[in-house]
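The block underneath contains the structure these notes are about, expressed in structure tokens.
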Amino acid sequence: MRAPRALALSLLLLAGSLLAPSPIAAATSTNFSQRYEIVATLDVAAGRLDAVETLTVTNRSSLTLDHLNLSVVPRALGYLSMPEPITVDGAEVDATWTTGINLQVALPDLPPRASAILRIPFTLQIGRSPDAFTARTSAENGVLSFGQWFPIVSTEHDVYGLGDPQLSFTAEVIRLELTTTTSLGRNAVACPGLREAPGSSGRSWTCESREGRDFSFVVNPRFRLTERTVGDIDLRVYTETVAGDATAGLAAEALIGLSDAFGDYPCRGRLGRWVQHGVPADDPPHPGQGRRHVRRLPRGRAPVVLRPARQRPAARAVGGRGLRRLQRALVDGHRPERVRIA
């Protein structure tokens, strides 16, 4: 009787193991409400930015989440250091690099509709970037460009170089409080959603963008500002070596062409593209991924910032055909290297 009893016991144990619940897989999502507040100190001469990012996320998925992914492109360029740990709701958490740019941050179990506050200290020591990255985060000729520069909620992916997509999702607010180590002229900082700036010169700027997928800015102590109004849109043109009046006129003409082609600015149509300080290539982004491409233009600098007079969100979608018209106008006129539409 021992053999049948042993067989029966073995069968019961096997059945129990089959019925036992399997370990729960790690859960994450990109379906978050996001708010970014970045307090940064910039040493222009040294090309060094010390920042603390406060990221507030609210879980809009139906899952209980235990981590999120942050894309940090400057790490691939060798610019990033993170001297302090990341905290969530005041407690230090584990953070692991799973690709060259993806930082996986552990969360305490975050059920649907719950929120968490992440504190992310980081430092960028910027140099001249290769290829298309010169139009993202780079330092050249005393000009500092910041694009795709801070940790941002994304999918787990790596960076590949020219034409590489940056995957991000609409944030409610991205706010930058920037302090420079030395006094600069008021117009030295070109950013979307300028809220506060020195009177004639100083060290503090505050910029805030709403409903945007990224936030970029440029610092050049030699910038000159030219302003125009097109309808209810305020146009700010920052130039160094090219004629501000002529460039502003061309940008205003291009904005009118964009409105004719795609409707009143900001265009939210299906053909729209999200643009930072560069002109996108002609191929469309993957739906929902906020893909950004940058095409290099000839030498010279003329960042252009479009800001609705009624303080609408600063990061906007514009159409490819209108952008080609803008590119032709600027290249034929005054040869800027970068165009910034924010």
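In what follows, residues are counted from 1 in the order of the sequence shown.
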Just by distance, with hydrogens left out, do [X] and [Y] show a side-chain donor and acceptor under 3.5 Å apart?
X      : Y      : answer
Gln148 : Asp214 : no
Ser61  : Asn59  : yes
Thr58  : Ser115 : yes
Thr123 : Tyr79  : no
Glu156 : Thr98  : yes
Arg128 : Ser138 : no
Ser154 : Asn69  : no

Connected via hydrophobic side-chain network under 4.5 Å: Leu225 and Val143:
yes
Does any N or O in the side chain of [X] come within less than 3.5 Å of the main-chain N or O of [Y], such that one atom is a donor and the other an acceptor?
X      : Y      : value
Thr206 : Arg195 : no
Asp234 : Thr229 : no
Ser145 : Thr137 : no
Arg35  : Thr56  : no
Asp66  : Leu107 : no
Arg75  : Asn102 : no

With rounding to the nearest 0.5 angstrom, report the [atom1] to [atom2] distance, [X] to [Y].
X      : Y      : atom1 : atom2 : result
Arg222 : Thr241 : CZ    : OG1   : 9.5 Å
Glu37  : Glu208 : CD    : CD    : 8.0 Å
Asp50  : Thr41  : CG    : OG1   : 6.5 Å
Leu250 : Leu255 : CG    : CG    : 12.5 Å

Determine whether [X] and [Y] make a side-chain contact, defined as any pair of heavy atoms from C-beta on separated by less than 4.5 Å.
X      : Y      : result
Thr182 : Asp43  : no
Val72  : Leu80  : yes
Trp205 : Pro198 : yes
Val44  : Thr181 : no
Leu68  : Val57  : yes
Met82  : Leu103 : yes
Leu178 : Leu49  : yes

Stepwise side chain to side chain donor-acceptor pair (under 3.5 Å) check, Thr179 with Arg203
CA-CA 5 Å; Thr179 301; Arg203 298 174 50 211; over 6 Å; no
Looking at [X] and [Y], what are the two nearest heavy atoms and their distance?
X      : Y      : value
Gly244 : Thr226 : CA-OG1, 3.4 Å
Leu55  : Gln34  : CD1-CB, 4.4 Å
Ala46  : Gln125 : O-NE2, 2.6 Å

Kindly confirm or rule out a cation-pi arrangement of Arg136 over Trp149, judged by NZ or CZ under 6.0 Å from the six-membered ring centre and within 45° of its axis?
no
Relative to each other, are the rings of Phe223 and Tyr238 parallel, tilted or perpendicular (30° and 60° limits)?
tilted
Verdict with reasoning, Arg119 to Glu84, per salt bridge (charged side-chain N to carboxylate O under 4.0 Å, His left out):
CA-CA 10 Å; Arg119 183 181 183 274; Glu84 299 179 41; 3.5 Å; yes
Going by side-chain contact (heavy atoms from CB on, under 4.5 Å), name the residues that satisfy it together with Ala114, two or more places apart in sequence or in a different chain.
Leu110, Pro111
Taking the ring centre of each residue, are Tyr36 and Phe150 less than 6.0 Å apart?
yes
